[in-house]
There are 2 protein chains.
Amino acid sequence: MTDLEIAKKTEMKHISIIANKLGLESDEIEMYGKYKAKIPLSKIDITKSKKSNLILVTAISPTPAGEGKTTMSIGLSEGLNQLGKQSVVVLREPSLGPVFGIKGGATGGGYSQVVPMEDINLHFTGDFGAIEKAHNLLSAIIDNNIQSKTNSLGIDPRTVAWKRVMDMNDRSLRNIIIGLGGTGSGVPRETGFDITAASEIMAILCLSDDLGDLKKRLGNIFIGYTHERTPVYARDLKVEGAMAALLKDAVKPNLVQTLEGNPAIIHGGPFANIAQGTNSVIATRMGMTLGEYTVTEAGFGADLGAEKFLDIKCQSAGLTPKAVVITTTIRALKYHGGMDLKSLTEPNVTALTKGLPNLEKHLENIKQFGLTPVIAINRFMTDHDDEIAIIKDFAKRNNIRVALAEVWEKGGKGALELAQHVVDIVEEVSSNFKPLYSWDLDVKSKIEMIATKIYGADGVEYSGLANKNLKTITNLGLDHLPVCIAKTQKSLSDNPALLGRPKGFIITIREIEIAAGAGFLVPISGDMMRMPGLPAHPASENINIDNEGNITGLF
Amino acid sequence: MTDLEIAKKTEMKHISIIANKLGLESDEIEMYGKYKAKIPLSKIDITKSKKSNLILVTAISPTPAGEGKTTMSIGLSEGLNQLGKQSVVVLREPSLGPVFGIKGGATGGGYSQVVPMEDINLHFTGDFGAIEKAHNLLSAIIDNNIQSKTNSLGIDPRTVAWKRVMDMNDRSLRNIIIGLGGTGSGVPRETGFDITAASEIMAILCLSDDLGDLKKRLGNIFIGYTHERTPVYARDLKVEGAMAALLKDAVKPNLVQTLEGNPAIIHGGPFANIAQGTNSVIATRMGMTLGEYTVTEAGFGADLGAEKFLDIKCQSAGLTPKAVVITTTIRALKYHGGMDLKSLTEPNVTALTKGLPNLEKHLENIKQFGLTPVIAINRFMTDHDDEIAIIKDFAKRNNIRVALAEVWEKGGKGALELAQHVVDIVEEVSSNFKPLYSWDLDVKSKIEMIATKIYGADGVEYSGLANKNLKTITNLGLDHLPVCIAKTQKSLSDNPALLGRPKGFIITIREIEIAAGAGFLVPISGDMMRMPGLPAHPASENINIDNEGNITGLF
């Protein structure tokens with residue numbers, strides 16, 4: 001059965017029943033149909049939230065074989081509920097663009113899914129659409145100001161770094177020229193579209209404490225310069241109020257359910273390379289207010305999502321995780337060990353052993369934060385017992401908890417061992433969480449700390465442009481912001497070809513972008529794709545809907 | 001008090017109470033929060049709907065002074081309910097773009113409003129966002145096919161007429177070049193963005209009977225030609241299933257309430273110049289299934305919205321209106337009589353009398369369809385009694401019902417006289433509705449019939465391009481489609497400067513566009529703006545939201 005078929009076979013509970021499980025009356029939530037709801041921000045209770053046990057699910061360096069963090073997070077939360085712990089899984093919202101490309105949805109898989117999967121994967125409750133509109137309103141206002149004679153800030157069009165966004169895989173919009181057609185239709189200039197998940201507004205929404213904080217951050221967005229080289233911010237265009245108004249519902253976290261009828265909160269979906277890559281602070285706090293355990297995930301491998309979760313989000317919001325799950329698969333480790341993608345189903349203990357150092361480095365990294373990791377082996381049917389034994393043996397030698405998790409096949413029942421490990425860590429191990437670096441350090445020190453300690457690099461090199469950017473950052477008084485390094489997810493290094501645990505490499509910072517609204521700097525190493533394309537045969541060719549509204553071909 | 005202040009002062013009823021008024025149980029609707037809901041298509045009952053009395057609200061040729069069709073429609077429905085007739089008002093959804101420009105919202109005014117006005121004017125239930133995504137998915141798939149080597153239809157990029165859309169007033173996107181940046185980022189070509197309301201998908205959604213019909217129409221969208229001059233339709237790209245899936249909720253009509261707690265259905269918002277300019281067939285049928293009276297409006301003046309409503313929508317969906325309300329204001333008639341916009345508050349019976357022929361022509365036009373009009377004078381505080389007397393005298397001489405409607409100030413109570421006229425027409429006058437033309441006529445005859453009989457032109461001239469387009473239409477076998485003439489709303493002629501009732505003019509058809517999916521042809525006279533711009537000081541500068549989510553500055 002496909003994921004969609006499994007999802008549709010499950011009878012969903014009315015969302016008011018799910019809300020009741022969290023102690024919310026049905027008139028306290030805002031229903032979107034029978035199976036989705038928004039939870040008002042007033043339900044967040046910071047004091048209460050601090051008593052919840054926050055569990056982060058991350059992974060080894062991603063490979064084309066897939067690791068299954070979302071599926072693992074959902075399965076773990078089901079497992080915790082089966083152990084009698086009230087657990088809420090808090091996830092990111094899927095982006096619409098990839099649904100029509102190759103990737104398909106992002107709502108888990110097999111018997112560890114959140115539902116209604118068609119709705120969550122399509123427009124859901126409209127959050128991405130609202131973020132897109134808020135972003136593009138600012139874009140329109142910028143070009144309108146450039147066009148205007150009577151209300152001009154004197155913006156130099158060549159300095160405008162703010163693009164437009166669309167939640168679509170549309171490579172033709174990457175590089176465009178706008179404002180053609182004569183004096184009545186704008187000032188011609190180069191620009192482009194990013195996918196909505198890459199919008200700074202998405203990053204802002206996910207780091208904001210509340211509507212007031214959101215509006216302040218929106219006003220802080222750095223646009224570019226005037227002809228006199230004065231920096232221009234969104235607040236100079238008096239647009240942050242209208243942008244915040246557009247986000248009035250998007251800022252509220254969404255409640256849905258897992259296949260086993262447990263609560264799931266899904267909210268926000270920032271990129272994990274150029275942004276912080278986790279769900280919203282608001283959603284995490286809501287989960288922690290309402291649940292004894294809060295299971296959340298961070299995008300890509302632990303070098304990207306987890307590092308940013310711990311150094312940016314946790315520092316910003318005062319969160320302290322209690323345990324970290326490192327998701328891994330036998331297949332992916334064999335790939336890191338040099339095996340070809342096509343032959344990964346064949347047993348190969350040599351390749352597996354060769355791939356283990358990737359896992360080892362991610363485990364070390366988690367320990368650097370004073371946290372206790374547990375390895376979750378996301379089981380595939382092609383895994384062999386002697387391969388599983390190798391990982392278990394590795395874990396034993398390194399004194400790390402490990403669990404075989406059959407979440408895809410069995411849901412929460414397949415995660416009982418993992419859930420028990422997590423409970424044991426929470427109840428027996430005292431958490432000594434400390435971020436890797438203080439935001440007060442200078443920018444280069446922050447970058448170098450991550451590069452050397454987390455990526456395992458020998459050092460960092462900066463391009464001329466990056467050094468120029470550093471001066472700009474100092475001039476704008478933004479040195480105190482944390483760094484959100486944009487790096488390939490495929491390798492611990494900045495070279496996608498270097499699998500396993502690369503050593504003896506240098507990280508090259510090509511440029512440093514300013515996300516003054518979100519409140520971080522983005523040092524960029526390598527090429528970052530912010531607007532994907534579609535394959536020759538896009539997934540849209542197989543998606544259909546019948547007259548009764550039943551969708552097929554989503555996976 | 002502003003409209004927003006009046007709207008917020010009113011205590012709204014829970015949407016389930018509004019649904020109950022229509023005989024719907026609360027679990028039969030899909031709630032979007034407490035005050036909005038979607039009604040499933042299964043609730044439409046065609047047989048039952050035919051018993052409802054359909055009332056069309058239209059207007060004289062629009063002027064900058066404003067006529068207030070939406071306010072009048074809402075007030076009339078309130079008045080009918082006060083008379084004990086169960087009435088549902090069925091309206092178009094506001095476009096988001098103009099909310100940040102000059103126009104403000106489109107949810108009525110004063111004491112004749114639909115609420116919650118902030119929600120309806122912002123993202124509402126996401127319909128515009130879904131239409132935008134369905135449109136832009138097709139755009140992305142077209143450019144992906146042009147880029148693709150292995151799955152190419154051989155589309156000639158220079159023939160692609162399908163643009164992209166965004167619900168934003170953004171003039172810089174009118175004319176753009178996409179696909180720059182090298183071989184990996186598409187094939188460079190000229191294109192642009194229209195505002196979402198101008199999307200053919202919007203027109204399609206509003207003419208579709210159900211999901212199956214919607215999907216078929218989506219597949220029929222004409223894209224352009226191959227290099228061998230073979231026509232290419234959306235169905236050739238196998239994308240109509242995915243597009244329909246994106247519209248699965250947008251196709252359901254939305255239920256809200258009026259200030260007096262009566263039901264209002266709001267759904268779809270196509271342009272009234274380049275498209276049919278009325279709410280969806282589905283919404284109208286839903287209103288007619290659930291209400292004894294169904295009050296609806298059509299965009300711009302009776303020459304545009306009403307003509308298209310009667311010739312395209314009514315013929316397509318088999319609807320028969322029972323009465324037509326022509327909304328007029330003293331101010332607008334004085335403007336048509338040559339008065340300056342700034343002095344319209346001054347009494348001027350000469351200008352008023354000089355402006356009356358505009359009203360006269362619209363009344364004649366409604367009678368040409370075999371329908372009975374009633375004049376609704378939308379009262380303003382600056383109207384003088386002797387001016388009102390002139391219109392009443394004019395109506396008496398022409399044997400036409402007239403009512404002074406104080407809907408802005410008094411809500412339904414201000415529309416009792418109008419409502420009684422409407423009831424009288426429904427109960428006493430037999431409707432002899434017949435469309436102006438048969439779709440079977442050739443294209444030029446259809447255009448000429450509208451130009452001479454409705455606009456009052458002496459004839460029609462066609463540009464070389466229009467004649468070339470006519471040949472294409474014949475070659476594609478699309479002569480049988482109705483014509484949706486794109487003309488300025490400011491005049492009965494195609495010259496915006498000719499106010500009142502112009503005579504002795506020729507309509508020039510510059511080109512004829514094909515909306516094969518929507519199922520009509522668009523002969524274009526004059527310049528049609530499909531992507532508005534923002535003013536020097538956009539309304540967004542005054543829009544704000546506080547920490548509790550209260551919005552100000554929307555009007």
Side-chain angles (χ1 to χ4, degrees), chain A residues 30-34 96 100 122-123 126 129-130 133 136-137 139-141 143-144 147-148 150-151 166-181 184-186 210-212 215 238-239 241-242 244-246 248-249 533-534 536-538 540-541 543-545 547 549 551 553, chain B residues 30-34 96 100 122-123 126 129-130 133 136-137 139-141 143-144 147-148 150-151 166-181 184-186 210-212 215 238-239 241-242 244-246 248-249 533-534 536-538 540-541 543-545 547 549 551 553:
Chain A
E30 296 167 17
M31 294 181 209
Y32 281 61
K34 295 179 177 61
L96 187 61
F100 301 112
L122 295 176
H123 312 288
K133 281 291 169 300
N136 293 335
L137 172 62
S139 314
I141 295 285
D143 279 298
N144 187 58
Q147 168 85 354
S148 170
T150 58
N151 185 26
M166 188 188 286
D167 196 7
M168 192 63 68
N169 286 14
D170 192 348
R171 70 168 71 76
S172 295
L173 294 180
R174 278 176 201 153
N175 302 289
I176 68 174
I177 294 174
I178 62 168
L180 301 173
S185 294
D210 51 35
L211 259 172
K215 196 163 70 180
K238 301 183 196 122
V239 63
L246 280 169
K248 81 180 173 72
D249 293 314
L534 292 167
H537 284 277
S540 58
E541 293 187 355
I543 297 173
N544 211 339
I545 185 166
N547 288 1
I551 291 176
Chain B
E30 297 169 15
M31 293 180 210
Y32 280 61
K34 294 178 178 62
L96 187 62
F100 301 112
L122 294 176
H123 313 287
K133 281 290 169 304
N136 293 335
L137 173 62
S139 314
I141 295 286
D143 279 299
N144 187 57
Q147 167 86 352
S148 170
T150 57
N151 184 26
M166 187 188 286
D167 196 8
M168 193 61 69
N169 286 15
D170 193 347
R171 69 168 70 76
S172 296
L173 293 180
R174 281 177 198 151
N175 302 289
I176 67 173
I177 295 174
I178 62 168
L180 300 172
S185 293
D210 52 35
L211 258 173
K215 196 164 69 181
K238 301 185 197 124
V239 64
L246 279 169
K248 81 180 174 71
D249 293 314
L534 291 168
H537 283 278
S540 58
E541 294 187 354
I543 297 172
N544 211 338
I545 186 167
N547 288 2
I551 291 176

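Note that the structure is predicted; figures quoted are calculated from it, not measured. Every chain is numbered from 1 and lettered A, B, ... according to where its sequence line falls, protein lines coming before strand lines.
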Per-residue tally against chain A (heavy atom, under 4.5 Å) across G126(B), A245(B), P538(B) peaks at A245(B)
So does G186(A) get a backbone contact from the side chain of R174(B), meaning a donor-acceptor N/O pair under 3.5 Å?
no
Under 4.5 Å from a heavy atom of chain A, the part of D210(B) involved
neither
I545(A) versus L211(B): any side-chain heavy-atom pair under 4.5 Å?
yes
Can you tell me how far the CG atom of N144(A) sits from the NE2 atom of H537(B), to the nearest 0.5 Å?
10.0 Å
Output for pair (L173(B) CG, D143(A) CG), nearest 0.5 Å, gives 7.5 Å
What residue, out of D167(B), T150(B), N169(B), has the most heavy-atom pairs lying under 4.5 Å from chain A?
D167(B)
Measure the spacing between NZ of K248(B) and CD1 of I551(A) and express it to the nearest 0.5 Å.
5.0 Å
Do you know the tightest heavy-atom contact between M168(B) and A140(A)?
CG-CB, 3.9 Å
Starting at CE of M166(A), measure out to NZ of K133(B) and round the result to the nearest 0.5 Å.
7.0 Å
Residue among A242(A), S172(A), S540(A), G241(A) with most heavy-atom pairs under 4.5 Å to chain B
S172(A)
Output the distance between atom CG (N151(B)) and atom CG (L534(A)), rounded to the nearest 0.5 Å.
11.0 Å
Heavy-atom pair count under 4.5 Å with chain A, highest-scoring of G553(B), G129(B), A536(B)
A536(B)
In terms of heavy-atom pairs under 4.5 Å with chain B, which of S148(A), A244(A), G533(A), G179(A) leads?
G179(A)
Give the member of V239(B), L96(B), I141(B), D170(B) that has the highest number of heavy-atom pairs under 4.5 Å with chain A.
D170(B)
Nearest 0.5 angstrom please: L246(B) CG to L122(A) CG, how far?
6.0 Å
Check whether any side-chain heavy atom of N544(B) sits under 4.5 Å from a side-chain heavy atom of K215(A), and report yes or no.
yes
Shortest non-hydrogen contact from G181(B) to N175(A)?
CA-ND2, 3.7 Å
With a 4.5 Å limit on heavy-atom distance, are the side chains of D249(B) and H123(A) in contact?
no
